[in-house]
Amino acid sequence: VAAVAVFPDGRRMAANSLDGMVRLWDEWRYVKGKGCDWVVGGHVPMRDMALTRDGEIVACSDESGYTTVREWDSSTWKQVGDIWKGLNGDPWRLAVNCNGAVVASLSTNNHIRLWRLSDRQTIAIFRHHGSPCCVTFSMDGKHILVAGKDKKISEW
């Protein structure tokens with residue numbers, strides 16, 4: 001398992017993994033040993049996942065030699081649109097801002113890419129100077145915070 005996300009309704013959980021699959025559990029059935037309810041994917045190994053605040057969209061990053069994000073509709077578990085592609089290294093971590101309009105992705109070459117969710121276009125690229133490890137948005141969605149192995153936090 002590479003990443004786990006709990007949906008805002010508190011009933012569902014999703015996990016993606018290095019086998020390229022996204023698995024969904026409904027009503028915490030995994031606790032009772034009943035297995036997962038949905039399995040989708042079968043692509044290249046995945047790294048991270050992020051949910052929009054309403055839980056309708058799941059974004060997953062994968063290992064493909066360049067920044068790649070796949071978007072899933074959580075009501076149908078169908079992939080939405082084409083794969084989002086950028087040119088800045090393997091993706092590492094993802095975050096979605098509070099209104100679900102922007103996705104931030106970290107890559108292995110120290111870049112932070114901002115994607116507009118509505119049209120999957122890159123709207124900005126930032127650079128953290130020391131191997132970024134995690135990314136998040138401020139509560140109001142106006143700032144991006146990135147922590148790195150250099151023990152520093154950058155804010156944009």
Side-chain angles (χ1 to χ4, degrees), residues 1-25 28 30 40-74 79-156:
V1 173
V4 175
V6 176
F7 284 78
D9 63 13
R11 291 183 27 246
R12 295 177 294 157
M13 181 182 83
N16 67 6
S17 61
L18 298 177
D19 67 2
M21 306 303 278
V22 177
R23 291 168 175 83
L24 171 74
W25 289 266
W28 302 102
Y30 70 96
V40 295
H43 305 289
V44 295
M46 295 199 184
R47 283 288 179 198
D48 199 15
M49 97 177 9
L51 300 173
T52 55
R53 186 168 277 185
D54 60 11
E56 291 181 13
I57 300 294
V58 178
C60 296
S61 62
D62 63 40
E63 289 183 12
S64 56
Y66 47 87
T67 300
T68 302
V69 177
R70 298 172 192 274
E71 179 183 352
W72 305 89
D73 178 326
S74 68
Q79 187 172 316
V80 177
D82 295 328
I83 299 168
W84 314 0
K85 292 184 180 179
L87 299 175
N88 294 91
D90 289 332
W92 186 242
R93 297 288 177 228
L94 296 174
V96 179
N97 74 341
C98 60
N99 66 7
V102 178
V103 174
S105 65
L106 299 182
S107 62
T108 54
N109 65 359
N110 301 351
H111 286 94
I112 297 91
R113 181 181 292 266
L114 296 185
W115 311 77
R116 189 172 37 240
L117 191 58
S118 62
D119 61 6
R120 301 175 184 90
Q121 295 300 307
T122 298
I123 54 176
I125 297 175
F126 304 104
R127 183 169 172 82
H128 183 83
H129 294 288
S131 298
C133 300
C134 56
V135 61
T136 192
F137 284 90
S138 61
M139 292 302 288
D140 63 6
K142 294 181 180 179
H143 300 270
I144 303 152
L145 300 158
V146 174
K149 290 182 181 178
D150 60 357
K151 300 180 183 177
K152 294 181 182 176
I153 297 173
S154 297
E155 180 181 8
W156 292 276

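All values below come from the heavy atoms of this structure, side chains included, with hydrogens, waters and symmetry mates left out.
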Below 30° counts as parallel, above 60° as perpendicular, anything between as tilted: where do the rings of Phe126 and Trp156 land? parallel
Look at the side chain of Asn97 and the backbone N and O of Val102, then say whether any donor-acceptor pair between them is shorter than 3.5 Å. yes
For the pair Asn16 (side chain) and Asp48 (backbone), establish whether a donor and an acceptor sit closer than 3.5 Å, ignoring hydrogens and angles. yes
Do Asn110 and Ser131 pass the side-chain contact (heavy atoms from CB on, under 4.5 Å) test, and can you show the C-alpha distance, the side-chain angles, and the key distance before you say yes or no? CA-CA 5 Å; Asn110 301 351; Ser131 298; 4.2 Å; yes
Which pair of non-hydrogen atoms, one from Trp25 and one from Ala15, has the smallest distance, and what is that distance? CZ3-CB, 3.7 Å
Hey, are the side chains of [X] and [Y] touching, using non-hydrogen atoms and a 4.5 Å cut-off?
X      : Y      : value
Arg93  : Cys133 : no
Thr52  : Leu117 : yes
Phe137 : Cys98  : no
Leu145 : Ser154 : no
Val96  : Leu51  : no

Between CG of Leu24 and CE of Met13, what distance do you get to the nearest 0.5 Å? 8.5 Å
Measuring from Ile112:CD1 to Ile144:CD1, what's the distance to the nearest 0.5 Å? 8.0 Å
Counting only heavy atoms not in Ile123, do more than 12 sit closer than 6.0 Å to its CD1 atom? yes
Tell me every residue that passes side chain to side chain contact (heavy atoms under 4.5 Å, CB included) with Lys151, counting only those two or more places apart in sequence or in another chain. none
Contacts of Ser138 meeting side chain to side chain contact (heavy atoms under 4.5 Å, CB included) (sequence neighbours excluded), chain-then-number -> Asp140, His143
Kindly determine whether Lys152 and Asp150 satisfy salt bridge (charged side-chain N to carboxylate O under 4.0 Å, His left out), including the steps that lead there. CA-CA 5 Å; Lys152 294 181 182 176; Asp150 60 357; 5.2 Å; no
Selection residues 114-127 - residue pairs positive for salt bridge (charged side-chain N to carboxylate O under 4.0 Å, His left out), sequence neighbours left out: Glu71-Arg120, Arg116-Asp119
